[in-house]
Amino acid sequence: MRKTIISLLFALSGAAGIAHADTLAMQDNAPDRYVVVKGDTLWGISGHFLKQPWRWPEIWNMNREQIKNPHWIYPGDVVVLDRSGATPRLKLLKSERAGANGEVKLSPRIRSSDMDNDAVPSIPLTSIQPFLNKPLVVEENELLTAPRVAAGPDDRVVFAVGDKIYAINMPDPKVGDVYQAFRPAQPLFDPKDPDHKRVIGHEVTYLGDVVVEKPGQVVTMRVQTSKEEIGIGARLVKANDAQYLNYSPHAPDHDVHGLVVSAYGSVAEAGPMTTLVVNLGAGDGMDVGTVLATWKAGRPIKKESSNEPDLFTPNERSGSLFIYRVFPHFSYGLLLDSTEPVNVADEVSNP
(Lines give C-alpha, C1' and ligand atoms only; values in the text may rest on other atoms or scores of the structure.)
Protein backbone atom coordinates (compact mmCIF):
# COMPACT_ATOMS: atom_id res chain seq x y z
CA MET A 1 0.00 0.00 0.00
CA ARG A 2 1.29 3.43 -0.90
CA LYS A 3 0.27 6.72 0.58
CA THR A 4 1.09 10.22 -0.56
CA ILE A 5 2.42 12.29 2.28
CA ILE A 6 2.35 16.05 2.05
CA SER A 7 3.38 18.92 4.30
CA LEU A 8 0.93 18.99 7.17
CA LEU A 9 -0.39 21.97 9.10
CA PHE A 10 -1.61 21.08 12.58
CA ALA A 11 -3.88 23.47 14.49
CA LEU A 12 -4.13 23.33 18.28
CA SER A 13 -7.88 22.73 18.25
CA GLY A 14 -10.22 19.91 19.20
CA ALA A 15 -10.65 17.23 16.54
CA ALA A 16 -14.11 16.30 15.31
CA GLY A 17 -15.40 13.30 17.21
CA ILE A 18 -12.61 13.39 19.82
CA ALA A 19 -12.83 16.92 21.15
CA HIS A 20 -12.14 17.73 24.79
CA ALA A 21 -13.55 20.55 26.83
CA ASP A 22 -10.13 21.49 28.22
CA THR A 23 -7.46 23.24 26.18
CA LEU A 24 -4.41 21.39 24.98
CA ALA A 25 -1.48 22.37 27.16
CA MET A 26 1.91 23.01 25.59
CA GLN A 27 5.13 21.99 27.29
CA ASP A 28 6.78 24.92 29.07
CA ASN A 29 10.03 24.22 27.22
CA ALA A 30 8.51 23.20 23.88
CA PRO A 31 11.22 23.48 21.19
CA ASP A 32 10.88 25.63 18.09
CA ARG A 33 11.58 22.56 15.97
CA TYR A 34 12.25 18.87 16.31
CA VAL A 35 14.07 16.67 13.79
CA VAL A 36 12.61 13.17 13.66
CA VAL A 37 15.15 10.39 14.21
CA LYS A 38 15.00 6.64 13.79
CA GLY A 39 13.39 5.01 16.80
CA ASP A 40 11.01 7.90 17.46
CA THR A 41 7.31 7.29 18.07
CA LEU A 42 4.43 9.67 17.44
CA TRP A 43 3.73 9.56 21.18
CA GLY A 44 7.31 10.52 21.97
CA ILE A 45 7.48 13.28 19.37
CA SER A 46 4.25 14.76 20.69
CA GLY A 47 5.67 14.71 24.21
CA HIS A 48 8.20 17.35 23.17
CA PHE A 49 5.34 19.76 22.49
CA LEU A 50 2.30 18.63 24.53
CA LYS A 51 1.92 17.94 28.24
CA GLN A 52 -0.58 15.21 27.28
CA PRO A 53 1.19 13.52 24.36
CA TRP A 54 -1.61 11.00 23.79
CA ARG A 55 -3.75 13.87 22.51
CA TRP A 56 -1.69 14.43 19.37
CA PRO A 57 -4.59 13.43 17.05
CA GLU A 58 -6.30 16.62 18.15
CA ILE A 59 -3.56 18.87 16.87
CA TRP A 60 -3.73 16.91 13.61
CA ASN A 61 -7.44 17.87 13.47
CA MET A 62 -8.40 14.28 12.60
CA ASN A 63 -11.73 12.54 13.08
CA ARG A 64 -12.14 9.02 14.44
CA GLU A 65 -12.10 7.36 11.02
CA GLN A 66 -8.95 9.19 9.96
CA ILE A 67 -7.02 8.27 13.10
CA LYS A 68 -7.33 4.60 12.20
CA ASN A 69 -4.71 5.31 9.55
CA PRO A 70 -2.69 8.28 10.80
CA HIS A 71 -0.38 10.34 8.66
CA TRP A 72 3.10 8.91 8.60
CA ILE A 73 6.24 10.72 9.68
CA TYR A 74 9.70 9.53 8.71
CA PRO A 75 13.21 10.05 10.11
CA GLY A 76 14.62 13.30 8.74
CA ASP A 77 11.27 15.09 8.72
CA VAL A 78 11.15 18.27 10.78
CA VAL A 79 8.35 19.35 13.10
CA VAL A 80 8.29 23.15 13.48
CA LEU A 81 6.41 25.10 16.14
CA ASP A 82 5.06 28.32 14.63
CA ARG A 83 4.55 30.92 17.37
CA SER A 84 3.85 33.85 15.03
CA GLY A 85 0.08 33.78 15.39
CA ALA A 86 -2.27 34.08 18.33
CA THR A 87 -2.44 30.31 18.54
CA PRO A 88 0.69 28.14 18.30
CA ARG A 89 0.70 25.89 15.26
CA LEU A 90 2.75 22.88 14.27
CA LYS A 91 4.04 22.38 10.76
CA LEU A 92 5.61 19.20 9.38
CA LEU A 93 8.30 19.80 6.74
CA LYS A 94 9.17 16.74 4.73
CA SER A 95 12.90 17.19 4.16
CA GLU A 96 16.03 18.58 5.72
CA ARG A 97 19.46 19.25 4.25
CA ALA A 98 22.35 20.40 6.39
CA GLY A 99 24.38 23.28 4.96
CA ALA A 100 28.11 23.86 5.20
CA ASN A 101 27.73 25.65 8.54
CA GLY A 102 25.40 23.01 9.95
CA GLU A 103 22.23 25.00 9.35
CA VAL A 104 19.17 23.08 8.15
CA LYS A 105 17.40 24.13 4.98
CA LEU A 106 13.73 23.19 5.04
CA SER A 107 11.60 22.73 1.96
CA PRO A 108 8.03 21.46 1.95
CA ARG A 109 7.51 18.83 -0.71
CA ILE A 110 5.34 15.87 -1.63
CA ARG A 111 6.68 12.42 -0.95
CA SER A 112 5.09 9.16 -1.99
CA SER A 113 6.38 6.26 0.04
CA ASP A 114 5.55 2.69 0.94
CA MET A 115 4.12 2.09 4.40
CA ASP A 116 7.33 0.40 5.46
CA ASN A 117 9.24 -0.14 8.66
CA ASP A 118 10.93 3.28 8.38
CA ALA A 119 7.68 5.07 9.21
CA VAL A 120 7.28 6.33 12.77
CA PRO A 121 4.73 4.21 14.70
CA SER A 122 2.32 5.40 17.38
CA ILE A 123 4.10 3.48 20.16
CA PRO A 124 7.28 1.34 20.31
CA LEU A 125 6.51 -1.79 18.29
CA THR A 126 9.48 -3.66 19.75
CA SER A 127 7.83 -3.49 23.17
CA ILE A 128 4.60 -5.14 22.04
CA GLN A 129 5.75 -7.41 19.20
CA PRO A 130 5.95 -10.55 21.39
CA PHE A 131 2.31 -10.16 22.41
CA LEU A 132 0.70 -9.36 19.05
CA ASN A 133 0.28 -13.00 18.02
CA LYS A 134 1.31 -14.99 21.10
CA PRO A 135 -0.88 -15.64 24.14
CA LEU A 136 -0.16 -13.93 27.44
CA VAL A 137 -3.62 -14.49 28.86
CA VAL A 138 -6.40 -16.74 27.50
CA GLU A 139 -10.10 -16.65 28.21
CA GLU A 140 -11.47 -19.23 30.67
CA ASN A 141 -13.68 -20.92 28.06
CA GLU A 142 -10.87 -20.98 25.50
CA LEU A 143 -8.62 -22.83 27.92
CA LEU A 144 -11.26 -25.45 28.75
CA THR A 145 -11.91 -26.28 25.09
CA ALA A 146 -8.40 -25.87 23.70
CA PRO A 147 -6.76 -28.77 21.79
CA ARG A 148 -3.99 -30.46 23.72
CA VAL A 149 -0.80 -32.42 23.19
CA ALA A 150 -1.79 -35.99 24.13
CA ALA A 151 1.20 -38.20 23.30
CA GLY A 152 4.46 -38.65 21.46
CA PRO A 153 5.77 -41.55 19.36
CA ASP A 154 7.58 -42.97 22.42
CA ASP A 155 7.41 -42.79 26.20
CA ARG A 156 8.84 -39.28 26.47
CA VAL A 157 6.70 -36.62 28.09
CA VAL A 158 8.51 -33.50 26.80
CA PHE A 159 9.45 -32.60 23.24
CA ALA A 160 11.74 -30.18 21.41
CA VAL A 161 12.27 -28.86 17.87
CA GLY A 162 11.89 -31.58 15.22
CA ASP A 163 10.00 -34.01 17.46
CA LYS A 164 6.73 -35.60 16.38
CA ILE A 165 3.73 -35.20 18.67
CA TYR A 166 0.06 -36.19 18.64
CA ALA A 167 -2.79 -33.84 19.51
CA ILE A 168 -6.51 -34.30 20.08
CA ASN A 169 -9.68 -32.17 20.19
CA MET A 170 -8.58 -30.16 17.14
CA PRO A 171 -11.43 -28.76 15.02
CA ASP A 172 -10.87 -29.11 11.27
CA PRO A 173 -7.06 -29.31 11.21
CA LYS A 174 -5.32 -28.89 7.84
CA VAL A 175 -1.85 -29.84 6.68
CA GLY A 176 0.48 -26.92 7.27
CA ASP A 177 -1.63 -25.22 9.94
CA VAL A 178 0.55 -23.73 12.66
CA TYR A 179 -0.49 -23.82 16.30
CA GLN A 180 1.05 -22.22 19.35
CA ALA A 181 1.67 -24.41 22.38
CA PHE A 182 1.25 -22.92 25.83
CA ARG A 183 1.20 -24.01 29.46
CA PRO A 184 -1.52 -22.60 31.75
CA ALA A 185 -0.23 -20.69 34.75
CA GLN A 186 -2.20 -18.91 37.45
CA PRO A 187 -5.87 -18.01 37.01
CA LEU A 188 -6.97 -14.40 36.92
CA PHE A 189 -9.98 -13.65 39.08
CA ASP A 190 -12.46 -10.90 38.29
CA PRO A 191 -11.71 -8.04 40.70
CA LYS A 192 -15.32 -6.89 40.31
CA ASP A 193 -16.55 -10.15 41.88
CA PRO A 194 -17.00 -9.47 45.61
CA ASP A 195 -16.10 -13.09 46.41
CA HIS A 196 -13.07 -13.04 44.07
CA LYS A 197 -13.99 -16.47 42.74
CA ARG A 198 -15.02 -15.80 39.14
CA VAL A 199 -12.16 -16.63 36.78
CA ILE A 200 -11.96 -14.36 33.71
CA GLY A 201 -8.82 -15.85 32.23
CA HIS A 202 -5.53 -17.63 32.79
CA GLU A 203 -2.00 -16.41 32.50
CA VAL A 204 -0.11 -18.73 30.20
CA THR A 205 3.48 -19.46 29.23
CA TYR A 206 4.18 -19.61 25.50
CA LEU A 207 6.21 -22.74 24.69
CA GLY A 208 6.63 -22.82 20.92
CA ASP A 209 5.01 -23.49 17.53
CA VAL A 210 3.86 -26.82 16.13
CA VAL A 211 2.64 -27.61 12.61
CA VAL A 212 0.03 -30.09 11.38
CA GLU A 213 1.47 -32.94 9.27
CA LYS A 214 -1.47 -35.35 9.15
CA PRO A 215 -5.07 -34.51 10.13
CA GLY A 216 -7.35 -37.02 11.80
CA GLN A 217 -9.10 -37.68 15.09
CA VAL A 218 -5.59 -37.90 16.50
CA VAL A 219 -3.55 -35.25 14.66
CA THR A 220 0.10 -35.82 13.82
CA MET A 221 2.15 -32.66 14.35
CA ARG A 222 5.80 -31.60 14.37
CA VAL A 223 7.47 -29.16 16.78
CA GLN A 224 8.60 -26.25 14.61
CA THR A 225 10.04 -23.84 17.19
CA SER A 226 10.58 -24.22 20.89
CA LYS A 227 11.06 -21.52 23.50
CA GLU A 228 10.67 -24.11 26.24
CA GLU A 229 10.12 -27.88 26.17
CA ILE A 230 6.58 -28.79 25.13
CA GLY A 231 5.07 -31.37 27.44
CA ILE A 232 2.13 -33.75 27.45
CA GLY A 233 -0.95 -31.74 28.34
CA ALA A 234 0.23 -28.52 26.72
CA ARG A 235 -2.65 -26.60 25.17
CA LEU A 236 -2.75 -25.41 21.57
CA VAL A 237 -4.19 -22.31 19.91
CA LYS A 238 -4.12 -21.63 16.19
CA ALA A 239 -1.48 -19.06 15.28
CA ASN A 240 -2.50 -15.86 13.56
CA ASP A 241 -0.35 -13.34 11.73
CA ALA A 242 0.78 -10.53 13.99
CA GLN A 243 -1.45 -7.57 13.29
CA TYR A 244 -1.06 -4.12 14.79
CA LEU A 245 -3.28 -1.44 13.39
CA ASN A 246 -1.38 1.79 13.87
CA TYR A 247 -4.30 3.53 15.49
CA SER A 248 -3.86 6.93 17.04
CA PRO A 249 -4.55 7.25 20.77
CA HIS A 250 -8.00 8.29 21.91
CA ALA A 251 -9.99 8.40 25.13
CA PRO A 252 -12.88 5.95 25.70
CA ASP A 253 -16.26 7.07 24.38
CA HIS A 254 -17.76 6.81 27.87
CA ASP A 255 -16.65 6.62 31.49
CA VAL A 256 -14.85 3.38 32.29
CA HIS A 257 -13.38 2.02 35.49
CA GLY A 258 -11.28 -1.11 35.80
CA LEU A 259 -8.28 -2.69 37.48
CA VAL A 260 -4.86 -3.97 36.54
CA VAL A 261 -5.10 -7.76 36.86
CA SER A 262 -1.65 -8.81 35.65
CA ALA A 263 1.76 -7.46 34.67
CA TYR A 264 3.98 -9.30 32.20
CA GLY A 265 6.71 -11.25 33.93
CA SER A 266 4.72 -11.22 37.20
CA VAL A 267 6.68 -8.14 38.26
CA ALA A 268 5.59 -6.63 41.53
CA GLU A 269 6.06 -3.07 40.30
CA ALA A 270 5.62 -2.36 36.59
CA GLY A 271 7.54 0.45 34.94
CA PRO A 272 7.53 2.10 31.50
CA MET A 273 7.19 -0.19 28.45
CA THR A 274 5.64 -2.99 30.53
CA THR A 275 2.60 -4.83 29.16
CA LEU A 276 -0.31 -4.82 31.61
CA VAL A 277 -3.57 -6.76 31.48
CA VAL A 278 -6.71 -4.90 32.57
CA ASN A 279 -10.17 -6.32 33.21
CA LEU A 280 -11.77 -4.19 30.50
CA GLY A 281 -12.42 -5.70 27.09
CA ALA A 282 -14.42 -5.27 23.93
CA GLY A 283 -17.66 -5.45 25.91
CA ASP A 284 -16.53 -2.44 27.91
CA GLY A 285 -15.82 -0.38 24.79
CA MET A 286 -12.08 -0.99 24.53
CA ASP A 287 -10.49 -0.91 21.08
CA VAL A 288 -6.97 -0.58 19.74
CA GLY A 289 -5.65 2.86 20.60
CA THR A 290 -7.80 3.45 23.68
CA VAL A 291 -5.83 5.32 26.32
CA LEU A 292 -6.46 4.77 30.02
CA ALA A 293 -4.99 6.49 33.05
CA THR A 294 -3.48 4.34 35.81
CA TRP A 295 -4.00 5.42 39.41
CA LYS A 296 -2.41 4.69 42.76
CA ALA A 297 -5.02 4.22 45.47
CA GLY A 298 -4.98 6.68 48.33
CA ARG A 299 -3.33 5.63 51.58
CA PRO A 300 -5.18 5.69 54.90
CA ILE A 301 -4.41 8.66 57.14
CA LYS A 302 -3.38 7.72 60.65
CA LYS A 303 -5.95 8.66 63.28
CA GLU A 304 -5.06 10.44 66.48
CA SER A 305 -8.38 9.53 68.08
CA SER A 306 -11.24 7.11 67.48
CA ASN A 307 -13.55 10.05 66.85
CA GLU A 308 -11.81 10.96 63.63
CA PRO A 309 -13.35 9.67 60.38
CA ASP A 310 -11.57 7.24 58.10
CA LEU A 311 -9.71 9.40 55.63
CA PHE A 312 -7.43 8.62 52.71
CA THR A 313 -4.97 10.60 50.66
CA PRO A 314 -6.27 11.42 47.14
CA ASN A 315 -5.72 8.90 44.36
CA GLU A 316 -2.67 9.88 42.33
CA ARG A 317 -2.27 9.36 38.59
CA SER A 318 0.74 7.15 37.88
CA GLY A 319 0.80 6.75 34.09
CA SER A 320 -0.92 6.27 30.74
CA LEU A 321 -1.85 2.90 29.26
CA PHE A 322 -2.15 2.45 25.47
CA ILE A 323 -4.46 -0.49 24.65
CA TYR A 324 -3.07 -2.50 21.72
CA ARG A 325 -4.82 -5.89 21.85
CA VAL A 326 -8.43 -6.46 22.89
CA PHE A 327 -10.29 -9.60 24.00
CA PRO A 328 -13.91 -10.01 25.16
CA HIS A 329 -13.20 -9.56 28.88
CA PHE A 330 -9.71 -8.08 29.11
CA SER A 331 -7.10 -6.15 27.13
CA TYR A 332 -3.34 -5.79 26.79
CA GLY A 333 -1.93 -2.30 27.22
CA LEU A 334 1.54 -0.76 27.10
CA LEU A 335 2.41 1.44 30.06
CA LEU A 336 3.67 4.86 28.94
CA ASP A 337 4.49 8.12 30.69
CA SER A 338 4.57 6.46 34.12
CA THR A 339 5.76 8.59 36.99
CA GLU A 340 5.77 5.79 39.57
CA PRO A 341 5.45 1.99 39.55
CA VAL A 342 2.10 0.38 38.74
CA ASN A 343 0.92 -2.63 40.74
CA VAL A 344 -1.70 -5.32 40.25
CA ALA A 345 -5.07 -4.05 41.56
CA ASP A 346 -4.24 -0.41 40.70
CA GLU A 347 -7.19 1.38 39.13
CA VAL A 348 -7.56 2.42 35.48
CA SER A 349 -10.04 4.92 34.10
CA ASN A 350 -10.50 7.67 31.52
CA PRO A 351 -7.38 9.81 31.10
Side-chain angles (χ1 to χ4, degrees), residues 18 20 22 24-30 34 37 39-59 120-132 136-137 188 191 203 244 246-252 255-281 284-299 312-327 330-351:
I18 52 174
H20 290 258
D22 55 318
L24 287 172
M26 299 291 295
Q27 291 283 11
D28 296 333
N29 59 346
Y34 179 80
V37 299
D40 271 339
T41 63
L42 295 174
W43 188 295
I45 293 170
S46 302
H48 292 287
F49 298 97
L50 295 175
K51 290 184 176 180
Q52 295 175 297
W54 69 269
R55 292 177 63 178
W56 57 256
E58 296 177 52
I59 64 173
V120 173
S122 293
I123 58 175
L125 296 182
T126 54
S127 298
I128 66 174
Q129 195 69 39
F131 312 111
L132 292 179
L136 169 62
V137 174
L188 297 177
E203 290 186 348
Y244 170 67
N246 196 27
Y247 278 36
S248 303
H250 54 272
D255 288 340
V256 296
H257 298 277
L259 296 172
V260 176
V261 297
S262 177
Y264 176 67
S266 299
V267 295
E269 296 188 329
M273 304 303 150
T274 299
T275 283
L276 304 178
V277 181
V278 297
N279 66 331
L280 299 171
D284 303 291
M286 297 296 100
D287 61 356
V288 175
T290 298
V291 174
L292 301 173
T294 59
W295 299 87
K296 304 298 294 185
R299 295 177 292 105
F312 296 82
T313 61
N315 289 357
E316 296 287 348
R317 180 164 177 169
S318 57
S320 300
L321 192 68
F322 184 101
I323 299 299
Y324 66 84
R325 193 173 178 190
V326 179
F327 300 86
F330 51 80
S331 301
Y332 297 174
L334 186 67
L335 182 61
L336 298 160
D337 297 342
S338 61
T339 55
E340 57 182 300
V342 174
N343 305 93
V344 171
D346 281 359
E347 297 180 3
V348 296
S349 67
N350 298 60

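The figures here come from the full heavy-atom set of this structure, side chains too, leaving out hydrogens, waters and symmetry mates.
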Return the set of residues passing side chain to side chain contact (heavy atoms under 4.5 Å, CB included) with [X] (not counting sequence neighbours), or none when no residue passes.
| X | answer |
| --- | --- |
| T290 | H250, P252, M286, D287, L292, I323 |
| S318 | T294, K296, E340, V342 |
| N279 | D190, P191, K192, I200, L259, V261 |
| T313 | R299, I301 |

Once rounded to the nearest 0.5 Å, what's the spacing between atom [atom1] of [X] and atom [atom2] of [Y]?
| X | Y | atom1 | atom2 | answer |
| --- | --- | --- | --- | --- |
| N315 | E347 | CG | CD | 5.0 Å |
| L334 | I128 | CG | CD1 | 7.0 Å |
| L321 | S349 | CG | OG | 11.0 Å |

If only atom types and distance count, is the side chain of N343 paired as donor or acceptor with the main-chain N or O of A268 below 3.5 Å?
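Present.
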Is the backbone N or O of P124 less than 3.5 Å from a side-chain atom of T41, with the two atoms forming a donor-acceptor pair by type?
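No, T41 side chain to P124 backbone: no donor-acceptor pair under 3.5 Å.
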For E203, side-chain hydrogen bond (donor to acceptor under 3.5 Å, both in side chains) partners two or more places apart:
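side-chain hydrogen bond (donor to acceptor under 3.5 Å, both in side chains) list for E203, sorted by chain: Q186, S262.
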Residue pair [X] / [Y]: nearest heavy atoms and the distance that separates them:
| X | Y | answer |
| --- | --- | --- |
| F322 | L336 | CB-CD1, 3.8 Å |
| V291 | P249 | CG2-CB, 3.4 Å |
| P53 | D337 | CG-OD2, 3.3 Å |

Plane angle bin for Y332 and F330 - parallel if under 30°, tilted between 30 and 60°, otherwise perpendicular:
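Ring orientation of F330 relative to Y332: parallel.
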By salt bridge (Lys or Arg N to Asp or Glu O under 4.0 Å) - contacts of D255 (at least two apart)
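Salt bridge (Lys or Arg N to Asp or Glu O under 4.0 Å) check on D255 returns nothing, list empty.
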What's the verdict on side chain to side chain contact (heavy atoms under 4.5 Å, CB included) for T339 and R317, showing C-alpha distance, side-chain angles and the deciding distance?
CA-CA 8 Å; T339 55; R317 180 164 177 169; over 6 Å; no
Hey, can you pull the donor-acceptor pairs under 3.5 Å for the side chains in residues 269-277, sequence neighbours left out?
| residue | atom | partner | partner atom | Å |
| --- | --- | --- | --- | --- |
| T274 | OG1 | G271 | N | 3.4 |
| T274 | OG1 | G271 | O | 2.8 |
| T275 | OG1 | Y324 | OH | 2.8 |

Residues two or more places apart in sequence or in another chain: which of them pass ring-ring contact (aromatic ring centres under 6.0 Å, His included) with Y34?
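Per chain and number, Y34 pairs via ring-ring contact (aromatic ring centres under 6.0 Å, His included) with H48.
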Please enumerate all residues that pass ring-ring contact (aromatic ring centres under 6.0 Å, His included) together with H257, with sequence neighbours excluded.
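ring-ring contact (aromatic ring centres under 6.0 Å, His included) list for H257, sorted by chain: empty.
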Does F327, at its CZ atom, have more than 12 non-hydrogen atoms belonging to other residues, nucleotides or ligands within less than 6.0 Å?
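Counting other residues, nucleotides and ligands, CZ of F327 exceeds 12 neighbours.
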Going by side-chain contact (heavy atoms from CB on, under 4.5 Å), W43 matches just one of S248, P121, S320. Which one?
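Result for side-chain contact (heavy atoms from CB on, under 4.5 Å) with W43: S320.
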